[in-house]
There are 2 protein chains.
Amino acid sequence: MAIPQSDEFSILMNKRPNLQQCTDPQTECIACPIRKMALFRGVPKKELGWTQEFRDAQYLLPARKTLYREGDTAHSIYTLFDGWIILFKILDNGKRQILRFVLPGDFFGFQVNGTGAAAGYTHGAQALIESTLCAFPRTRLRSMMEKQPQLAIGLAEMGMHDMTLCQHHLIGTGRKNARESIAFLLLELFYRVRMQMQNGFDEATNSIIFPLTQEDIGDAIGLTSVHVNRVLKEMEREELIRCQRKRLTILDEETLMEIGQFDPGMIAPKELV
Amino acid sequence: MAIPQSDEFSILMNKRPNLQQCTDPQTECIACPIRKMALFRGVPKKELGWTQEFRDAQYLLPARKTLYREGDTAHSIYTLFDGWIILFKILDNGKRQILRFVLPGDFFGFQVNGTGAAAGYTHGAQALIESTLCAFPRTRLRSMMEKQPQLAIGLAEMGMHDMTLCQHHLIGTGRKNARESIAFLLLELFYRVRMQMQNGFDEATNSIIFPLTQEDIGDAIGLTSVHVNRVLKEMEREELIRCQRKRLTILDEETLMEIGQFDPGMIAPKELV
DNA sequence: CCGTTTTATTGATTTAAATCAATTAACGGA
DNA sequence: TCCGTTAATTGATTTAAATCAATAAAACGG
C-alpha cells in the first residue's frame with residue numbers, strides 16, 4: 001500500500017531529523033488494532049477511509065531520540081502506534097519535569113502556544129524505546145473534526161482522561177511522600193502497559209517492559225534519582241516489586257496499591273456522557 | 001423571563017442542598033457576557049437559542065459552601081457565571097489537594113468515574129465566594145454536541161487549556177521551590193482574574209479580589225500554611241506583593257515573574273488549530 | 001569483545017520545609 | 001458590639017529528601 005507524500009511530509013522530515021518514514025506501514029487506519037482506545041474510537045468503521053487520507057504517514061522514531069523540542073513549530077499531531085514516549089518540560093534551572101507518559105493508542109502533540117503557522121509545542125517529546133507514530137497534519141485537524149464530530153468528542157474524552165492522569169500526578173507530587181508517590185506511578189504504568197501495549201506485559205511473571213531510568217521516575221514525581229533509588233531498593237527488599245533490566249515485576253500488588261492509594265478505576269478511560 | 005423547571009432541576013435541588021435557584025437570572029445565554037471565553041465561544045450567536053433550552057437554570061451558591069463531594073452522583077455540568085470555585089480531592093491521610101481554581105467562564109464538573117446514571121464526580125467542588133452557576137444536565141451533553149460540533153471542539157479546547165494549567169501546577173509542585181511556586185500561583189491567578197472577572201480587578205491599585213486562605217494556597221501547591229505564611233511575609237517585606245484582607249496587590253510584577261518563571265502567554269486560552 | 005558512557009548504588013552531610021506550639025488578628029453571626 | 005471561630009503569625013525543633021561524593025554495574029557503539 002502506498003501512502004502519498006503530502007507537503008507536510010517533506011516539512012516533517014526536514015524538521016524532525018530523527019524520524020524515518022515506515023516503508024511498509026503496519027496497518028491501514030481501518031484495520032488499526034489500537035483504534036478502539038485511540039482518537040478514532042467513536043468513529044464508525046465505514047468512515048475510517050478518509051482518516052487514511054488525513055493521515056500523513058507512519059514513522060519510526062529510534063530509542064532515546066527527540067521527536068520535537070519545546071518551541072519547535074508544530075506541524076503535526078501524533079497517535080502513538082507502538083512504543084513509549086515521554087512529554088516533558090525543561091525549567092530555567094535545568095531541571096526537567098516529565099508531564100506525561102505516552103503509550104500506544106495515546107494522542108499527543110496538540111498542546112501548543114500560538115496559532116496557525118506560528119504554533120509551537122509547549123513541551124518536548126522523546127522516545128524511551130523505538131516507537132512507531134502516525135502523524136496527522138495540524139492544518140487539517142479542524143476540518144477533520146467538522147467533517148466528523150465524533151472526532152471532537154473523542155478528542156475531548158481523551159483530553160479528559162489525560163487530565164485525570166495529570167491530576168493524579170499533581171496529587172502525587174503535592175501531597176504524597178516519596179514512597180506513596182512511587183508506588184502509585186509504578187502501578188499506573190503497570191496497568192496502562194497491561195491495557196495498552198500488546199507486547200509489554202508478561203503474564204507469567206506479572207511484569208512489564210519498563211524503560212524508565214531512576215532519573216526519569218524522579219523527574220516525573222519531583223524527586224532526585226538518588227532518593228528514587230533508595231525507595232526502590234527498599235521496596236525490593238520488602239518483596240513488593242522487582243525493578244531490573246528494564247523490567248518491572250509487581251510481586252505484592254495488594255500492599256503496593258495500599259501504599260500508593262491506587263485503584264485501577266481511577267485511571268480507566270472515561271466517557272464524556 | 002421564566003426558565004422551565006426540568007426534571008433535572010428537582011433532582012439537582014434535592015442533591016445539592018446549598019444551591020438556590022436564581023429567581024431572576026441575570027442573562028439569557030444569547031446575551032451572556034462571558035460567552036466569548038466559555039464553552040459556547042465557537043457557537044454562532046443565532047444558534048444559542050437552543051443552548052437556553054439545554055440549560056437547566058442559574059443557581060446561587062453561597063460562599064464557602066460545597067457544591068458537590070467526590071463520589072456524588074453527577075447530574076450536571078456547570079459553567080461558572082460569576083464567583084470563584086475550587087475543585088479538590090481529599091486523600092486517605094486527610095490532606096487536601098486543590099486541583100483547579102474555577103473562574104467565570106470556566107466549565108467544570110465533567111470529570112467523572114462510571115457512566116450514565118452511575119457517574120460520580122472524581123473530585124469535590126466548593127465556593128470560595130458567593131458564586132452564580134449555569135447548570136446543564138449531563139444526560140443532554142452528548143446530544144448537544146452532536147447537534148453542534150463546535151461545542152465539542154470548544155470542549156476540547158477548554159480541556160486543553162485546563163490541561164496546560166494543570167501541567168504548570170505539576171511543574172510547580174514537582175520542580176520548583178516554595179518561593180518560585182507561590183510566585184507563579186499568585187501571578188497566574190492575578191492574570192486570570194484580570195481576564196475573567198469583571199469586578200475582580202482594580203486597576204488603580206493593581207490588585208485583585210483574592211479569597212484564598214494561606215491554607216488554600218498550601219493545598220494547591222503542596223505546602224503547609226505555616227510555610228506559605230513565611231514566604232508571603234518575606235515577599236511583603238521585599239515589597240513584591242501585598243496580600244491582606246482578601247486582596248492581592250502586585251507591587252513588583254517584573255521581579256515576581258522572574259522568580260516564578262511566569263509568562264502570561266503560558267496560561268492564555270489555546271485554540272486547537 | 002572492549003573501551004566509553006550511562007545508570008545504579010551507597011554513605012555522609014546539609015537543607016528546605018514539616019511539625020509542634022503558642023499568640024494575635026480578623027471575621028461572621030447573634 | 002461582643003463572642004466564638006477561623007486565619008495569620010512567629011519561634012523552636014524535627015525530618016524527609018537534597019546534595020555531595022565515590023564506586024560499581026549495565027548498556028552501547030563500534
Side-chain angles (χ1 to χ4, degrees), chain A residues 62-66 86 91 93-98 126-130 172-183 185-186 209-237 241-248 259, chain B residues 62-66 86 91 93-98 126-130 172-183 185-186 209-237 241-248 259:
Chain A
R64 284 176 311 287
K65 294 290 182 186
T66 295
I86 51 172
L91 304 200
N93 55 23
K95 287 177 180 168
R96 179 181 66 155
Q97 173 70 51
I98 291 179
Q126 186 178 12
L128 291 179
I129 57 175
E130 185 181 79
T173 55
R175 286 284 175 236
K176 286 180 179 167
N177 64 27
R179 188 177 163 84
E180 295 165 344
S181 203
I182 288 175
L185 181 68
L186 297 182
I209 182 180
F210 193 75
L212 313 206
T213 65
Q214 296 178 354
E215 195 172 0
D216 292 332
I217 297 176
D219 285 348
I221 54 190
L223 298 168
T224 58
S225 61
V226 174
H227 198 60
V228 170
N229 180 272
R230 288 192 232 271
V231 174
L232 286 180
K233 281 281 116 180
E234 184 173 351
M235 286 178 167
E236 288 189 354
R237 274 195 298 277
I241 59 164
R242 186 153 39 247
C243 187
Q244 273 155 26
R245 315 297 210 90
K246 306 288 158 208
R247 251 202 128 67
L248 168 69
I259 294 169
Chain B
R64 285 175 309 285
K65 294 289 183 188
T66 295
I86 51 171
L91 303 200
N93 55 22
K95 288 178 180 168
R96 179 180 67 154
Q97 173 70 50
I98 292 181
Q126 188 178 9
L128 290 180
I129 57 176
E130 185 182 78
T173 56
R175 286 282 175 240
K176 286 180 180 168
N177 63 28
R179 186 177 164 84
E180 295 165 343
S181 203
I182 289 176
L185 181 68
L186 297 183
I209 183 179
F210 194 75
L212 313 206
T213 65
Q214 295 178 355
E215 195 171 2
D216 292 332
I217 298 175
D219 286 348
I221 53 190
L223 298 168
T224 58
S225 61
V226 174
H227 198 59
V228 169
N229 180 271
R230 287 193 232 272
V231 174
L232 286 181
K233 280 282 117 181
E234 185 173 350
M235 285 178 168
E236 289 190 353
R237 274 195 297 277
I241 59 165
R242 186 153 41 244
C243 187
Q244 273 156 26
R245 316 296 214 87
K246 306 291 161 208
R247 204 150 244 311
L248 168 69
I259 293 168

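Only this structure's heavy atoms are used, side chains among them; waters, hydrogens and symmetry mates stay out. Protein chains get the first letters and strands the later ones, always in sequence-line order, with residue 1 at the start of each.
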Undergrad: How far does CD1 of Ile241(A) sit from CE of Met235(A), to the nearest 0.5 angstrom?
TA: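 If I round to the nearest 0.5 Å, the distance is 6.0 Å.
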
Undergrad: Roughly how far, to the nearest 0.5 Å, is the CD1 atom of Ile98(A) from the CG atom of Leu185(A)?
TA: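 Answer for the CG-CD1 pair, Leu185(A) versus Ile98(A), is 9.0 Å.
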
Undergrad: Throw together a table of side-chain donor-acceptor distances under 3.5 angstrom for residues 216-224 of chain A, partners on residues two or more places apart or in other chains.
TA:
residue	atom	partner	partner atom	Å
Asp216(A)	OD1	Arg96(A)	NH2	2.6
Asp216(A)	OD2	Thr213(A)	N	3.0
Asp216(A)	OD2	Thr213(A)	OG1	3.2
Asp219(A)	OD1	Arg175(B)	NH2	2.9
Asp219(A)	OD2	Arg96(A)	NE	2.8
Asp219(A)	OD2	Arg96(A)	NH2	3.0
Thr224(A)	OG1	His227(A)	N	3.3

Undergrad: Taking the nucleotide of DNA chain D with the closest heavy atom to each, which residue, Arg175(B) or Arg237(B), is nearer the 5' end?
TA: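 Closer to the 5' end of DNA chain D: Arg237(B).
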
Undergrad: When the nearest nucleotide of DNA chain D is assigned to Arg230(B) and to Ser225(B) on a heavy-atom basis, which residue is associated with the more 5' position?
TA: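 Result of the comparison: Ser225(B).
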
Undergrad: List, with names and distances, any nitrogen or oxygen atoms from the protein found under 3.5 Å away from nitrogen or oxygen atoms belonging to nucleotides 23-30 of chain C.
TA:
none

Undergrad: Looking across every strand, which nucleic acid part, if any, lies under 4.0 Å from Thr224(A) by heavy atom: base, sugar-phosphate, or nothing?
TA: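 Base contact.
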
Undergrad: Within a strict 4.5 Å, meaning less than it, do heavy atoms of the Ile129(B) and Lys246(B) side chains meet?
TA: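 The answer is no; the side chains never approach within 4.5 Å.
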
Undergrad: Contact between Leu186(A) and Leu232(A) at the side-chain level, heavy atoms closer than 4.5 Å - yes or no?
TA: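 In contact.
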
Undergrad: Need two values: the first and the last nucleotide of DNA chain D, 5' to 3', having an atom under 4.0 Å from any heavy-atom of chain B.
TA: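 So the outermost contacting nucleotides come out as dA7(D) to dA12(D).
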
Undergrad: Could you check if a side-chain atom of Glu180(B) sits within less than 4.5 angstrom of a side-chain atom of Asn177(B), using non-hydrogen atoms only?
TA: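 Contact flag for Glu180(B)/Asn177(B) side chains = yes.
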
Undergrad: Check the phosphate of dA8(C) against Asn229(A), side-chain N and O only, distance under 4.0 Å to OP1 or OP2. Yes or no?
TA: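 Answer no for this pair, as no side-chain N or O of Asn229(A) is under 4.0 Å from OP1 or OP2.
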
Undergrad: Give the minimum heavy-atom separation between Ala178(B) and Val231(B), together with the two atoms involved.
TA: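 Looking at all heavy atoms of both residues, the shortest contact is CB-CG2, 4.1 Å.
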
Undergrad: Give the minimum heavy-atom separation between Pro62(A) and Ala127(A), together with the two atoms involved.
TA: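 Taking every non-hydrogen atom into account, O-CB, 3.6 Å.
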
Undergrad: Among residues two or more places apart or on two chains, list those pairs meeting salt bridge (charged side-chain N to carboxylate O under 4.0 Å, His left out) that have a residue in residues 220-233 of chain A.
TA: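 The answer is Lys233(A)-Glu236(A).
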
Undergrad: Return the residues of residues 214-223 of chain A meeting this criterion: a heavy atom under 4.0 Å from some atom of DNA chain C. Order them by number, or give none.
TA: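 Going residue by residue through residues 214-223 of chain A, the ones with a heavy atom under 4.0 Å of DNA chain C turn out to be Gln214(A).
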
Undergrad: Ignoring hydrogens, what is the shortest heavy-atom contact between Gly172(A) and Ser181(A)? Give both atom names and the distance.
TA: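 Minimum heavy-atom contact is O-OG, 3.4 Å.
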
Undergrad: Is there side-chain contact between Lys176(B) and Lys95(A), with at least one heavy-atom pair below 4.5 Å?
TA: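 Not in contact.
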
Undergrad: If you compare all heavy atoms of Gln126(A) against all heavy atoms of Arg64(A), which two are closest, and at what distance to 0.1 Å?
TA: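 Between these two residues, the closest heavy atoms are NE2-O, 3.1 Å.
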
Undergrad: Just report the end-to-end axis angle for the helix from dC1(C)-dG30(D) to dA30(C)-dT1(D), five pairs per end, to 10 degrees.
TA: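 Roughly 70°, once rounded to the nearest ten degrees.
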
